[in-house]
Amino acid sequence: MALINCPECKAAISDSAFKCPSCGHQVKKPKRTLFGKIVKIVFILFNLLMIYSIFAGMGASGDVINNAASDAERAGAALGAGMGAMMLGILWVVGDIIIGTLVFLTRPKA
Ligand SMILES: [Zn+2]
């Protein structure tokens with residue numbers, strides 16, 4: 001740990017400090033760790049994947065419902081699509097809670 005001078009008030013401050021204790025000037029920007037960055041990217045990708053899955057799923061089940069030969073087949077496809085959407089919704093919420101917690105825990109500390 002070394003001492004540096006605050007660019008604002010020229011006070012001697014620790015080079016590991018993010019803020020100058022005498023004037024409050026932000027000396028260093030708090031940074032995410034590499035793991036924190038990966039977690040954040042995973043979080044964004046996960047949400048994009050979920051949005052994509054829901055749209056892709058809706059399109060696919062819509063085709064089955066329109067092309068079904070019988071009412072039973074149509075009902076089955078509609079039920080399957082509903083169940084699939086519900087499962088996907090649960091997966092989305094659970095995934096967001098788990099990854100969201102990691103994003104929160106790895107947030108940059110000031
Ligand atoms: Zn200062």
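Ligands are counted one by one from 1 in listed order, and the atoms in each one are counted from 1 as well. Nothing fancy with the numbering, it's 1 onward along the sequence. Note that the coordinates shown come from a computational prediction; the quantities given were computed from them, not determined experimentally.
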Heavy-atom closest contact (Ile13 atom, Pro21 atom, distance):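 Minimum heavy-atom contact is CG2-CD, 3.1 Å.
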
If you look at every heavy atom in Asn47 and Trp92, which pair is closest and at what distance?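 Answer, listing the atom of Asn47 first, then Trp92: OD1-NE1, 2.8 Å.
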
Which N, O or S atoms belonging to the protein are less than 2.8 Å from the Zn ion (ligand 1)?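 Listed by chain and number: Cys6 SG, Cys9 SG, Cys20 SG, Cys23 SG.
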
Would [X] and [Y] show up in the same hydrophobic cluster when neighbours are defined by side-chain heavy atoms closer than 4.5 Å?
{"X": "Phe43", "Y": "Val93", "answer": "no"}
{"X": "Val42", "Y": "Leu45", "answer": "no"}
{"X": "Val103", "Y": "Leu34", "answer": "yes"}

If only atom types and distance count, is the side chain of Lys28 paired as donor or acceptor with the main-chain N or O of Asp15 below 3.5 Å?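 Present.
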
